[in-house]
Colleague: 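Below: one structure in structure tokens.
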Amino acid sequence: MTELGTRSDKQEAIAAPRDYSLDILRILSICGVVAIHLFGYVLGHSEPQSRNWWLAAGLDIPFIWVVPVFVMISGALLLAPRKTALEPRTFYRKRALRLLPALIAWHLIYLVGVRWLMRGEDLSPARVVQLLLDGSVFTQLYFLWLILGLYAVAPLISAFLQDGGPRRAQALAAILLGATALVYMVPGIAASLGFARPISLNIFIHWLPYVGYFVAGRALRDVRLNGRALFVALLSAAGLAALCLWQYGHRGQAGLLNVVSPVSYVSLTVMMLSVAVFLSATSLFRRITPGRVTGRLLVTLSGASFGVFLVHLLIFEIIRLNVPAVYDGKSMVAGFASYAVTLALSFAVAVLASRIRFVRNIF
């Protein structure tokens, strides 16, 4: 998403001391996104419950908070308290110029370049339309539609929160997250009673389950935890991440937990985990005051995170199709090596692209 790191962020940093906590959290989160996708590949190709399966799961499932936290970071930046609410026309123009070129370009890159040319998939017109409507042209591209939807409602939310103070934002976030958690309990409850009520999303509503996270970023951006409260948040984050891993690996034993809070980005468990991670990270990282060189590096890597998000699966696909051990998906050594190479190359490409005229428009 564009709030993974934008030029406007850098311009605002000139006017006021930069809060590096969101930069650090953004960098860690994008590393987690790459881990989810690459170790998830190993997880999907390993014998269930084997050693490799558990190792891959341990490097995948506990990072389930990264997508919600990215949305929270975006909300913390876009919905931040300001003298006046967001002016819709100016806001939409700036965001469209930033997001739409990337949305169009990367859909073409992954649809034509990866699916058709590299994988040789048969892309009939009906299949292309299906992929586009579902937001499933490639693994991560649904997120662009998610952010586009949140941008559409951001001025409305900003106007509502404008004079309400922190409590209004916190109340709205709690209501939206609670309502979303209830909605996503329905499929599990229905299945336990013997009938199906699946939830299906498309490009027009991908954003809807995440609006609670978006507002939560605004609601929690100025909350500072210290002492016992910070310790509890850290312990909660670790415990909830471990619970998600256990639940994923022991679905037959999770019982009621699987019904009311399945392992997904919008389950109640992951909501609590994401809030705990966000509060712990921002409270800890705000204590860090980097030097000029380190600060510049953090801003550069943070600003490159949007590009990393978009390009990393293209780089991994090139590696996967040319390295048999990676393609096989059963070697943790190959998994670690491909992760390190993909992450390093993704940052390098994103940083370089951000300095090239026109090319930077899609990074």
Side-chain angles (χ1 to χ4, degrees), residues 1-4 6 8-9 12 16 18-26 28-29 64-86 91 95 143 146-147 149-184 207-234 236-237 240 261 265-287 302:
M1 64 179 157
T2 56
E3 286 313 312
L4 295 182
T6 68
S8 62
D9 290 346
E12 290 170 7
R18 191 177 184 96
D19 178 2
Y20 289 96
S21 65
L22 293 180
D23 290 305
I24 299 171
L25 181 56
R26 205 151 39 187
L28 292 177
S29 296
I64 196 170
W65 52 266
V66 294
V67 169
V69 165
F70 271 137
V71 176
M72 293 175 74
I73 293 171
S74 192
L77 295 170
L78 285 179
L79 303 177
R82 61 193 77 224
K83 293 181 180 180
T84 59
L86 294 175
F91 176 81
R95 299 300 158 179
F143 196 77
L146 185 162
I147 291 301
L150 292 177
Y151 282 176
V153 298
L156 299 175
I157 298 172
S158 175
F160 176 75
L161 298 178
Q162 181 63 28
D163 300 316
R167 289 193 176 184
R168 180 180 293 182
Q170 291 163 7
L172 180 61
I175 291 169
L176 291 171
L177 288 172
T180 302
L182 287 173
V183 168
Y184 276 83
W207 62 274
L208 200 53
Y210 294 87
V211 69
Y213 286 123
F214 193 55
V215 177
R218 160 66 182 90
L220 301 176
R221 61 165 282 139
D222 297 320
V223 176
R224 303 290 183 272
L225 301 182
N226 294 290
R228 183 176 299 178
L230 178 56
F231 176 76
V232 169
L234 288 166
S236 297
L240 289 165
S261 187
Y265 291 141
V266 289
S267 71
L268 183 59
T269 306
V270 174
M271 287 178 182
M272 294 189 293
L273 170 59
S274 302
V275 168
V277 168
F278 185 86
L279 287 173
S280 301
T282 53
S283 296
L284 279 174
F285 298 150
R286 276 194 174 95
R287 303 169 186 225
S302 175

Colleague: Can you name the nearest heavy-atom pair linking A276 to S280, along with the distance?
Modeller: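 Looks like O-OG, 2.7 Å.
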
Colleague: Which pair of non-hydrogen atoms, one from R18 and one from D23, has the smallest distance, and what is that distance?
Modeller: NE-OD2, 2.6 Å

Colleague: Residues two or more places apart in sequence or in another chain: which of them pass salt bridge (charged side-chain N to carboxylate O under 4.0 Å, His left out) with R168?
Modeller: none

Colleague: Applying side-chain contact (heavy atoms from CB on, under 4.5 Å), name anything that partners A154, two or more places apart in sequence or on another chain.
Modeller: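 side-chain contact (heavy atoms from CB on, under 4.5 Å) check on A154 returns L79, L86, F91, F214.
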
Colleague: Give the minimum heavy-atom separation between R26 and S302, together with the two atoms involved.
Modeller: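 Shortest heavy-atom contact: NE-OG, 2.7 Å.
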
Colleague: Side-chain donor-acceptor contacts of residues 219-227 below 3.5 Å, not counting sequence neighbours, with atom names and distances?
Modeller:
unit_1: R221; atom_1: NH1; unit_2: A76; atom_2: O; d: 2.5
unit_1: R224; atom_1: NH1; unit_2: R221; atom_2: O; d: 3.0
unit_1: R224; atom_1: NH1; unit_2: D222; atom_2: O; d: 3.2
unit_1: N226; atom_1: OD1; unit_2: R287; atom_2: NH2; d: 2.9

Colleague: Begin with the C-alpha distance, continue with both residues' side-chain angles, and end with the deciding distance and a verdict on side-chain contact (heavy atoms from CB on, under 4.5 Å) for S29 and L25.
Modeller: CA-CA 6 Å; S29 296; L25 181 56; 4.0 Å; yes

Colleague: side-chain contact (heavy atoms from CB on, under 4.5 Å) between L234 and L284: does it pass, once the steps are laid out?
Modeller: CA-CA 10 Å; L234 288 166; L284 279 174; 3.8 Å; yes

Colleague: Evaluate F143 against I147 for side-chain contact (heavy atoms from CB on, under 4.5 Å), listing each step before the verdict.
Modeller: CA-CA 6 Å; F143 196 77; I147 291 301; 3.6 Å; yes

Colleague: Got a second to check how far L208's CG is from L146's CG, nearest 0.5 Å?
Modeller: 10.0 Å

Colleague: With rounding to the nearest 0.5 Å, note down the distance linking OG1 in T180 to CG in L268.
Modeller: 11.0 Å

Colleague: Could you check whether any side-chain heavy atom of S74 comes within less than 4.5 Å of a side-chain heavy atom of Y213, counting everything from C-beta outward?
Modeller: no

Colleague: Give the minimum heavy-atom separation between R218 and A169, together with the two atoms involved.
Modeller: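 Closest pair (atom of R218, atom of A169, distance): CG-CB, 4.1 Å.
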
Colleague: Could you report the tightest heavy-atom contact between V270 and Y265, atom names first, then the distance?
Modeller: CG1-O, 3.7 Å

Colleague: I need the I157 CD1 to L172 CG distance, nearest 0.5 Å.
Modeller: 7.0 Å

Colleague: Between CE of M72 and CG of L279, what distance do you get to the nearest 0.5 Å?
Modeller: 6.5 Å

Colleague: Is any side-chain heavy atom of L240 closer than 4.5 Å to a side-chain heavy atom of W65?
Modeller: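 Side chain of L240 against side chain of W65, heavy atoms only: no contact under 4.5 Å found.
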
Colleague: Please evaluate residues F278 and L22 with respect to the criterion side-chain contact (heavy atoms from CB on, under 4.5 Å), reporting the C-alpha separation (whole Å), side-chain torsions for both, the decisive distance (0.1 Å), and the verdict.
Modeller: CA-CA 9 Å; F278 185 86; L22 293 180; 4.2 Å; yes

Colleague: Of the non-hydrogen atoms in G212 and L177, which two are nearest, and what is the gap between them?
Modeller: C-CD2, 3.6 Å

